[in-house]
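Contents: one structure, followed by commentary.
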Amino acid sequence: FFPQMISSQQNHVVNTIETMPPETITASPTLVQRIRKVFSRELLVTLALGQVLSLLVCGIGLTSKYLAHEYHANTPVFQSFLNYILLFLVYTTTLAVRQGEENLLAILKRRWWKYMILGLIDIEANYLVIKAYQYTTLASVQLLDCFTIPVVLLLSWFFLLVRYKAVHFVGVGVCLLGIGCMVGADVLVGRQQGLGDHKLLGDLLVLGGAMLYGISNVCEEFIVKNLSRVEFLGMMGLFGSFFSGIQLAIMEHKELLKVQWDWQIGLLYIGFSACMFGLYSFMPVVIRRTSATSVNLSLLTADLYSLFCGLFLFQYKFSGLYLLSFVIIILGLVFYTSSSTYVAQDPRVYKHFRNAGHPITDTPTLGPLEPSVTYTSLRQEIEEEPRIRVA
């Protein structure tokens, strides 16, 4: 009886499939359709936003180079102080005039010490990397500064609960390969590598700054996605201007007095401040749309933009490897942003992370917690339905 029933079911399935109209059967996507699916509007917008950030970083580097090498104005703390003052004037005052729980005093009452620590981390990250140029080579700074990327990956995995796929690690590896190609081109064309004195100290400064950058970026991602962009920038303006002002008075007041002020130097300081303020204001928007990891991968092209500008401004030598490295980095970005990460959200972890001062009560769960998918890179991925389901 059972073999006959199974045989009749098989015949029924086969007959059903054979009698299906041809137009109801979905054809496999062609190569052009697959390419269009990868290079979607969302991916192109993501790449464009990242490159805007890179251009702002390029502007910061060029103005800093002019100030340091052409006008001998070695004032990294003062330059950062100007940026924090702008953030204070725009965003901290915005928080001050708000009402309710988003008011400046209400935020300070709840989280003042967290933002104080984050402000110190952000200040010292900028200072350590800029200071390292006095001791080590340009190639070392370019390579070791990439240490930010694994720091962001690890912190995002453990604290933001981000889960990655194999394609994301492939994309990161391809981007780092592009950086290696760029540094190799620098060596081959004999580009100015810096003094190189006390190289070990300079390398340690870069690693320390890169680690602090990673911590700052991950904290920024959490704040802008769960709290507020204006809150983050307002707190950075408040504590950044306070602590950088103290550091400026202690460490850099003599250097500031040596600056030969004229309209050109003033214009360079204005340009630097405008680029830095634009970077700080725009980066939370991009991080909210993508992730801290994606932003740091996008910033790898900033050195190449600086180089292309240097071909005309500083008479750098050109090498075809620079174009190759740019293509490799963009390819790595396409790999990374072509697939979405997801966040395995355990609400108890987020409750602990946001309200560390309050006791946590374990809530009973009826079963294993299912990860909720947060698409941080591009779009929601829709799995194709199988044509035949076996019950």
Classify the ring geometry between Phe308 and Tyr305 as parallel (under 30°), tilted (30 to 60°) or perpendicular (over 60°). perpendicular

I need the minimum non-hydrogen distance between His168 and Ser339, along with the two atoms involved. NE2-O, 2.7 Å

Does a side-chain heavy-atom distance below 4.5 Å link Asn296 with Asn217? yes

Just by modelled atom types, is the Phe78 backbone N or O under 3.5 Å from a matching donor or acceptor in the Glu252 side chain? yes

Just by distance, do the side chain of Thr92 and the backbone of Leu89 share a donor-acceptor pair under 3.5 Å? no

Salt bridge between Glu101 and Arg110, side-chain N to carboxylate O under 4.0 Å? yes

Within the structure provided, determine whether Pro284 and Leu233 are in side-chain contact (heavy-atom separation under 4.5 Å). yes

Return yes if some donor-acceptor pair links the side-chain N/O of Ser54 with the main-chain N/O of Ser298 below 3.5 Å, else return no. yes

Quick one: are Tyr164 and Thr293 in side-chain contact, heavy atoms under 4.5 Å? yes

Counting C-beta onward and ignoring hydrogens, is there a side-chain heavy-atom pair between Asp303 and Met182 closer than 4.5 Å? yes

Would you say the side-chain atoms of Tyr269 and Thr75 include a donor-acceptor pair closer than 3.5 Å? yes

Using the rule given for ring pair (Phe, Tyr, Trp, His ring centres under 6.0 Å), can you reason through Trp261 versus Tyr71, listing the C-alpha separation, both sets of side-chain angles and the distance that settles it, and then say yes or no? CA-CA 9 Å; Trp261 292 96; Tyr71 297 96; over 10 Å; no

Counting N and O atoms only, with roles assigned by atom type, does the side chain of Asn126 sit under 3.5 Å from a partner on the main chain of Ser80, one being a donor and the other an acceptor? no

I'd like to know if the side chain of Arg229 and the backbone of Val224 have a donor-acceptor N/O pair within less than 3.5 Å. no

Test item: Ile179 and Cys175 side chains (from C-beta on) under 4.5 Å apart, heavy atoms: no

Tell me, do Phe239 and Leu108 make a side-chain contact under 4.5 Å, heavy atoms counted? yes

Is the side chain of Ser64 donor-acceptor paired with the backbone N or O of Ile60 at a distance under 3.5 Å, no angle test? yes

Taking C-beta and beyond as the side chain, do Arg111 and Glu231 meet within less than 4.5 Å on heavy atoms? yes

Using side-chain heavy atoms (C-beta onward) and a distance below 4.5 Å, is Val129 in contact with Tyr213? yes

Ignoring hydrogens and geometry beyond distance, is a side-chain donor-acceptor pair present between Ser216 and Asp122 at under 3.5 Å? yes

